[in-house]
Amino acid sequence: MEFIIQKTLEAVQTLYNQTLTSSDITLQETRKEFEGDVTVVVFPFTRFSKKSPDVTAQEIGEFLKQNVTEIADFNVIKGFLNIVIDDSYWINRYKTNASTSNFGFAPSNGKKVMVEYSSPNTNKPLHLGHVRNNLLGYSVAQIIGAAGYEVIKTNLVNDRGIHICKSMLAWQKFGNGETPESSGLKGDHLVGKYYVIFDKEYKKQIDELKAQGLAEDEAKKQAPLIIESQQMLQKWEEGDTAVIELWKMMNSWVYAGFNVTYNNLGVNFDKYYYESNTYLLGKDIIEEGLAKGVFFRKPDSSVWIDLTADGLDEKLVLRSDGTSVYITQDLGTAELKHDDFQMDKSVYVVGNEQDYHFKVLFLILDKLGKSWAKGLYHLSYGMVDLPSGKMKSREGTVVDADDLLDEMIDTARQHTEDLGKVDDFTEEEKIELFRKIGLGALKYHLLKVDPKKRLMFDPNESIDFQGHTGPFIQYTYARIKSVIRKSEQADFAGIVPETINKDERELIQQLDKFPTIIADAAENYNPASVANYLYELAKGYNKFYHDNPILKNEDEELKKFRLALSSLTADVLNRGTSLLGIEVPERM
RNA sequence: GCACCCAUAGCUCAGCUGGAUAGAGCAACGGUUUUCUAAACCGUCGGUCUCAGGUUCGAAUCCUGAUGGGUGUACCA
């Protein structure tokens, strides 16, 4: 609608001798109950037009109608200038969009973005919180790619540390050599099982010590199991062969398990980083910071940065014994990533409980004068709440990712079989369909909500398949495909109509927004805007479909046009849902 | 204590840089199929946008304060 803004500027210039810029003009979609396509808000102009809003709107409307061929008419209601754009304009838009390959996706802009997501710990299986993270990360990467960037998806695996040693120790003590093969358990679940066992045994020891009269925190520190796992961590750091072997073996089980989950979830990565390789990084940055006077050393020789001037606290960046803390290695890893890829932007998909950490991390890198620090972005998403409250691994109130996927697919199966539309499907086709629908429902449910907000998830109340859902969009796609299949011959490519009706125009307008939606979603790292757009589009199509016969048309040209319009809609639904990691079925 | 985030219909959520009578879905109730897939379409019901001030021609949106909820504030990650 750029041309309307330009002409409005011209109108204001000629009529009121006032020079404005594009940002002074507010355009909005005309509300459904009024006639028109776009509305110019003229209230701000009354200051220098020295006339009432109604008169001002009237004058500008006249000017636009006289000077812009695409503007067919206008009306003024309560000071709002509603502009009616000629159908020929929309027919033209449609013509352009329909003939653009990959309509909506931007050509390469030569810039590179890294998206880090998933980043699991290797001591337990993935749960619902990870699912949100993975779906968000994958989707954001897809969207950024569609907006013209080259995208590198990375996974920074937390494969070392005390939590891993706990699982290892428990397995050593209580595992009797159990393996994924011998137990039939998925590797990550097997390791997670021992993490839970550790916790249980550890608590027993704490209770015993308390019974002997120790205080709670003393007991926690003195329990043999915790001491042993700390020793194990130390041995790991020294490179003790037996410990390293055990660590490698158990991690390999976990990776095999994660890969299954990632596959089922439909996510993937271009580059893995492992903390076992990066945890020592960052120490030269500490030196650099000390030299530059950004950091300072305390008498006990620990290193700090003073961020009080920025409204934050003093923050430790290196322990007094010279070892790294979390932020030390994150500083190092940030630099490593940049050295590896020289990307223009880098997105961290991490929960909002780490807001403070990333604020500090980015601020430090900026203070160190890293030019690329400005391109760092923390995509901070809200936690997932269950009806019972928040998820806690230790209390067993987590929703396991693998179980969840199975349940979704099973629910999809029941639901679909009840409808009885797939009786002629082969067994393989059915499995494929149930998977698409089950995952579509789950993914849409999680992605339609603004990432920044907390998300309420009720596992018992199985996710809907009707209304504002993934399957609704999938169904719309399948419906279109069905019509196209039935049209048999029809070569509708390149068909452009002479005239269009109201439903057709609305659909064309909806489709026309697709590129803007993608650009906007990429800029804001927000899959929810794509999700909500696709729902509106599907809804609009269903209305069109309901009220406008496609194949049952005497008029051959009209039939072809509607087929073509349907086909473009299907294409947008297909590629749009792919940005959410959702697949669409040809039949359902 | 201090910092940050959130609050919209019974429930789950939209609401773009301030703009018209605040929108969807679910739930509830009613209607639509001899016609291209009824996982659809149409209608009814449902709101003091947590509260109180302020800025403005105009505030769900911006500012201040209060209340309620969440998170962080480790020589943990």
Side-chain angles (χ1 to χ4, degrees), chain A residues 23 26 28-34 39 41-44 46-47 53 77-80 82 119 121 158 160-163 275 279 298 300 302-304 311-313 315-327 329-330 351-357 359 380 382-383 385 390 412 415-416 418-419 421 437 441 445 448-450 452-458 461 464-476 478-487 516 520 524 528-529 531-532 535-536 538-539 541-553 559 562-563 566 587-588:
Chain A
S23 56
T26 311
Q28 56 183 333
E29 266 180 60
T30 304
R31 284 177 156 257
K32 288 188 288 298
E33 58 265 43
F34 306 117
T39 296
V41 180
V42 301
F43 293 95
T46 56
R47 222 178 18 178
I77 296 170
K78 289 159 84 177
F80 289 86
N82 301 325
S119 306
N121 291 353
N158 187 1
R160 51 142 251 130
I162 191 76
H163 47 287
E275 292 204 3
Y279 81 107
K298 285 195 177 176
D300 67 358
S302 58
V303 181
W304 298 72
L312 304 174
D313 304 321
K315 182 85 186 169
L316 175 94
V317 294
L318 193 72
R319 290 195 188 100
S320 52
D321 64 2
T323 59
S324 302
V325 287
Y326 180 41
I327 201 154
Q329 51 175 300
D330 262 13
N352 63 10
E353 68 273 12
Q354 295 200 38
D355 283 355
Y356 184 74
H357 171 75
K359 211 182 227 179
S380 160
M383 341 185 74
D385 286 320
K390 66 177 78 160
H415 205 87
T416 306
D418 285 351
L419 291 173
K421 293 189 195 173
I437 296 176
H445 187 79
K448 75 174 175 185
V449 181
D450 186 329
K452 290 190 285 289
K453 297 198 174 172
R454 306 177 68 96
L455 179 70
M456 177 63 171
F457 187 90
D458 188 342
E461 206 173 285
D464 287 333
F465 289 78
Q466 275 149 16
H468 189 184
T469 66
F472 174 89
I473 296 168
Q474 292 172 316
Y475 173 74
T476 308
R479 238 182 173 185
I480 297 174
K481 285 303 185 171
S482 172
V483 177
I484 291 176
R485 241 178 277 122
K486 288 196 172 143
S487 75
T516 320
D520 181 69
N524 297 304
S529 55
N532 288 310
Y535 169 67
E536 294 297 330
K539 205 164 73 151
Y541 183 82
N542 278 318
K543 181 171 172 50
F544 163 79
Y545 177 94
H546 185 266
D547 299 343
N548 300 271
I550 299 170
L551 299 177
K552 312 206 122 210
N553 250 311
K559 178 173 166 182
R562 287 186 177 164
L563 276 168
S566 299
R587 292 178 57 197
M588 72 183 267

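Convention: sequence-line order gives letters A, B, ...; per-chain numbering from 1.
A:Asp547 places its CG atom 16 Å from the P atom of B:rU32, with the value rounded to the nearest Å. A:His445 has its NE2 atom 10 Å from the C1' atom of B:rC13, to the nearest Å. Spacing between atom CG of A:Leu316 and atom P of B:rU73 amounts to 13 Å, rounded to whole angstrom units. Atom pair A:Asp450:CG and B:rC5:P shows a separation of 14 Å (rounding to whole Å applied). To the nearest angstrom, P of B:rA39 lies 11 Å from OH of A:Tyr545. Here B:rG68 presents its P atom at 17 Å from CZ of A:Arg454, a figure rounded to the nearest Å. The distance from atom CD1 of A:Ile484 to atom P of B:rU37 is 12 Å, rounded to the nearest whole Å. Rounded to whole Å, atom P of B:rC4 lies 12 Å from atom CG of A:Asp355.
Remark: the separation of the C1' atoms in B:rG47 and B:rG23 is 11 Å, to the nearest Å. Of the C1' atoms belonging to B:rC75 and B:rG69, the separation is 32 Å, rounded to the nearest Å. With P as the reference atom, B:rG18 and B:rC13 are 26 Å apart, rounded to whole Å. Between the P atoms of B:rC16 and B:rU8, the separation comes to 16 Å (whole Å). Nucleotides B:rC5 and B:rC62 are separated by 11 Å at their P atoms, to the nearest Å. B:rA27 and B:rC63 have their C1' atoms separated by 39 Å, given to the nearest Å. The same atom, C1', is picked in B:rU50 and in B:rG68; the two are 8 Å apart, to the nearest Å. When the P atom is used for both B:rC51 and B:rG10, the distance is 13 Å, rounded to whole Å.
Taking the ring axis of A:Trp304 as reference, the NZ or CZ atom of A:Lys315 does not stay both within 45° of it and closer than 6.0 Å to the ring centre.
The closest side-chain donor-acceptor pair between A:Thr469 and A:Tyr535, if any, does not fall under 3.5 angstrom. With no hydrogens or angles considered, no side-chain donor-acceptor pair links A:His445 and A:Asp464 at under 3.5 Å. For A:Asn542 and A:Arg479, the side-chain atoms include at least one donor-acceptor pair closer than 3.5 Å.
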Under a cut-off of 3.5 Å for both distances of each Watson-Crick or G-U pair, what dot-bracket string does RNA chain B give, using [ ] for crossing pairs and | for inter-strand pairs?
(((((((..((((.....[...)))).(((((.......))))).....(((((..]....))))))))))))....
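Within 4.0 Å (heavy atoms only), A:His415 reaches at least one base atom of the nucleic acid. Among the heavy atoms of the strands, none lies under 4.0 Å from A:Asn524. If you check every strand for non-hydrogen atoms under 4.0 Å, A:Ala528 touches nothing. Residue contacts shown for A:Ile162 are absent, as no nucleic acid heavy atom lies under 4.0 Å away.
Heavy atoms of other residues, nucleotides or ligands lying less than 6.0 angstrom from CD of A:Glu29 number 12 at most.
One can find a donor-acceptor pair under 3.5 Å joining the base of B:rU37 and the side-chain atoms of A:Lys421.
A salt bridge links A:Lys543 with A:Asp547; the closest basic N to acidic carboxylate O contact falls under 4.0 Å.
Both A:Ala538 and A:Glu353 lie near RNA chain B, and the one whose nearest nucleotide falls closer to the 5' end is A:Ala538.
Checked against a 6.0 Å centroid threshold, the rings of A:Phe465 and A:Tyr475 do not count as neighbours.
Closest approach of A:Ile327 and A:Leu316 over heavy atoms only: CG2-O, 3.8 Å. For the residue pair A:Leu318 and A:Thr323, the shortest heavy atom distance occurs at CD1-O, 3.4 Å. Closest non-hydrogen pair, A:Phe472 versus A:Ala538, comes out as CE2-CB, 3.5 Å. The shortest non-hydrogen separation linking A:Met588 to A:Lys421 is O-CD, 3.7 Å. Across every non-hydrogen atom of A:Ile437 and A:Gln474, the tightest pair is CA-OE1, 3.6 Å.
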Spell out protein contact along nucleotides 18-29 of chain B as letters: B when the base is contacted, S when just the sugar-phosphate is, - when no protein heavy atom is under 4.0 Å; keep the 5' to 3' order.
-BBS-SSSS---
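Out of B:rA40, B:rC76, B:rC36, the shortest distance to the side chain of A:Leu551 is found at B:rC36.
Between B:rU37 and A:Lys486, a contact under 4.0 Å exists linking OP1 or OP2 to a side-chain N or O. Using a 4.0 Å cut-off, no side-chain N or O of A:Lys453 falls inside it from OP1 or OP2 of B:rU12. Residue A:Ser482 places at least one side-chain N or O under 4.0 Å from the OP1 or OP2 atom of B:rU37. The side chain of A:Tyr326 places no N or O atom within less than 4.0 Å of a non-bridging phosphate oxygen (OP1 or OP2) of B:rA77. Applying the 4.0 Å criterion to OP1 and OP2 of B:rU37, one finds that A:Arg485 has every side-chain N and O outside that range.
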